[in-house]
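To start, the structure under review is shown below, and the notes come after it.
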Amino acid sequence: APDGTIFASVWTELDEAPWGEWAIMTSTDGGFTWDETTLTGLEDGNVLDWYDGGETPVDIVISPNWPDDNTVYVGILNGEVYRLGNAGEADPVKLIPIVDSDGVDLTFNDGFLYDLDIFWDGSNNWIAAATDLDVFIIKDALFESWRDFEMATETDSEDWAWAVQVDFA
């Protein structure tokens with residue numbers, strides 16, 4: 001963040017290794033000390049198995065309006081996106097599920113989220129998500145839904161995926 005706040009995802013192995021859980025941590029002193037945010041206990045059945053679709057954090061993005069809103073977003077491998085306000089001290093808010101234009105729900109279809117990006121339009125944050133279904137964008141405001149960019153096209157094979165690195169200038 002512009003004020004030097006750092007966020008990181010940390011995995012802790014439980015007694016039943018290789019199972020564990022993820023926590024989003026924060027540091028305000030350059031990484032010398034770390035504190036848990038309110039987003040902890042993200043279960044991952046087996047961190048060594050990328051394809052289990054667990055609650056593995058894959059991206060953490062800071063709001064471009066950080067000086068005013070102190071908001072961070074966390075993208076989870078299984079397709080969930082969380083908003084953490086108050087520099088990670090507010091209760092996590094899960095954004096509405098990502099559903100494509102055909103009604104396919106990323107989370108319930110064992111889809112993967114790979115990347116998040118964000119921009120500020122002067123009033124709201126807009127979050128873009130690259131998934132194996134397609135690329136989606138949502139305005140972080142009440143009553144908004146994910147918009148499917150409809151960039152993915154199926155081939156003759158059922159084995160296809162769509163992923164893209166989303167970067168706003």
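Being a predicted model, the structure only gives us computed values, none of them experimental.
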Using 30° and 60° as the class boundaries, would you call the ring planes of Phe7 and Trp66 parallel, tilted or perpendicular? perpendicular

Out of curiosity, does Val61 fall in the hydrophobic cluster containing Ile96 (side-chain heavy atoms, cut-off under 4.5 Å, transitive links)? yes

Nearest heavy atoms of Asn125 and Ser63, plus distance in Å: ND2-OG, 3.1 Å

Please find the pair of heavy atoms, one from Pro97 and one from Asp105, that lie closest to each other, and give the distance. CB-OD2, 3.7 Å

Please tell me if the side chains of Leu77 and Leu113 come closer than 4.5 Å, counting only heavy atoms from C-beta onward. no

Reported CG-to-CG distance for the pair Leu39 and Asp91, which is rounded to 0.5 angstrom: 10.5 Å

Atom CD1 in Ile6, atom OG1 in Thr26: separation rounded to 0.5 Å? 8.0 Å

Indicate if Trp146 and Tyr114 have the same hydrophobic cluster label, given that clusters are the connected sets of ILVMFWY residues with side-chain heavy-atom separations under 4.5 angstrom. yes

Please step through side chain to side chain contact (heavy atoms under 4.5 Å, CB included) for the pair Leu84 and Thr38, ending with a clear verdict. CA-CA 8 Å; Leu84 295 171; Thr38 54; 3.6 Å; yes

For a 4.5 angstrom cut-off between non-hydrogen side-chain atoms, does Ile60 reach Val72? yes

Heavy-atom side-chain contact between Asp140 and Asn124 under 4.5 Å: no

Looking only at non-hydrogen atoms, find the nearest pair between Ser27 and Asp29 and report the distance. OG-OD1, 2.9 Å

Is any side-chain heavy atom of Asp100 closer than 4.5 Å to one of Asp134? no

Should Ile62 and Thr5 count as side-chain neighbours, where that means a heavy-atom distance under 4.5 Å? no

Report the C-alpha separation of Ser101 and Glu150 in whole Å, then their side-chain angles, then the decisive distance to 0.1 Å, and conclude whether the side-chain hydrogen bond (donor to acceptor under 3.5 Å, both in side chains) test is met. CA-CA 8 Å; Ser101 58; Glu150 297 189 26; 3.2 Å; yes

The reported gap from CG in Leu42 to CD1 in Ile24 (rounded to nearest 0.5 angstrom) is 6.0 Å

Please round to the nearest 0.5 Å and tell me the distance separating atom CG of Asn70 and atom CG of Asp3. 7.0 Å

Taking all non-hydrogen atoms of both residues, which atom of Val99 and which atom of Phe136 are closest, and how far apart? O-CE2, 3.7 Å

Are Ile127 and Trp120 connected in the hydrophobic side-chain network, where two residues link if heavy atoms are under 4.5 Å apart? no

Output for pair (Leu133 CG, Phe149 CZ), nearest 0.5 Å, gives 15.0 Å

So which atom in Gly75 and which in Leu116 form the shortest heavy-atom distance, rounded to 0.1 Å? N-CD1, 3.3 Å

Shared hydrophobic cluster, Val93 / Val74 (ILVMFWY, side-chain heavy atoms < 4.5 Å): no

Do Glu89 and Thr37 pass the side chain to side chain contact (heavy atoms under 4.5 Å, CB included) test, and can you show the C-alpha distance, the side-chain angles, and the key distance before you say yes or no? CA-CA 6 Å; Glu89 294 181 15; Thr37 66; over 6 Å; no

Under the 3.5 angstrom rule, does the side chain of Asp102 hit a backbone N or O of Val104 as a donor-acceptor pair? no

Could you pull out the closest heavy-atom pair between Arg83 and Leu95, with the gap in Å? NH2-CD2, 3.7 Å

What about Val10 and Ile76, same hydrophobic cluster or not, with Ile/Leu/Val/Met/Phe/Trp/Tyr joined at side-chain heavy-atom distances under 4.5 Å? no

Less than 4.5 Å apart, any side-chain heavy atom of Phe119 and any of Ile137? yes

Check: Ile118 and Trp126 side chains under 4.5 Å, non-hydrogen atoms: no

To the nearest 0.5 Å, atom NZ of Lys94 lies from atom CD of Glu80 at 4.0 Å

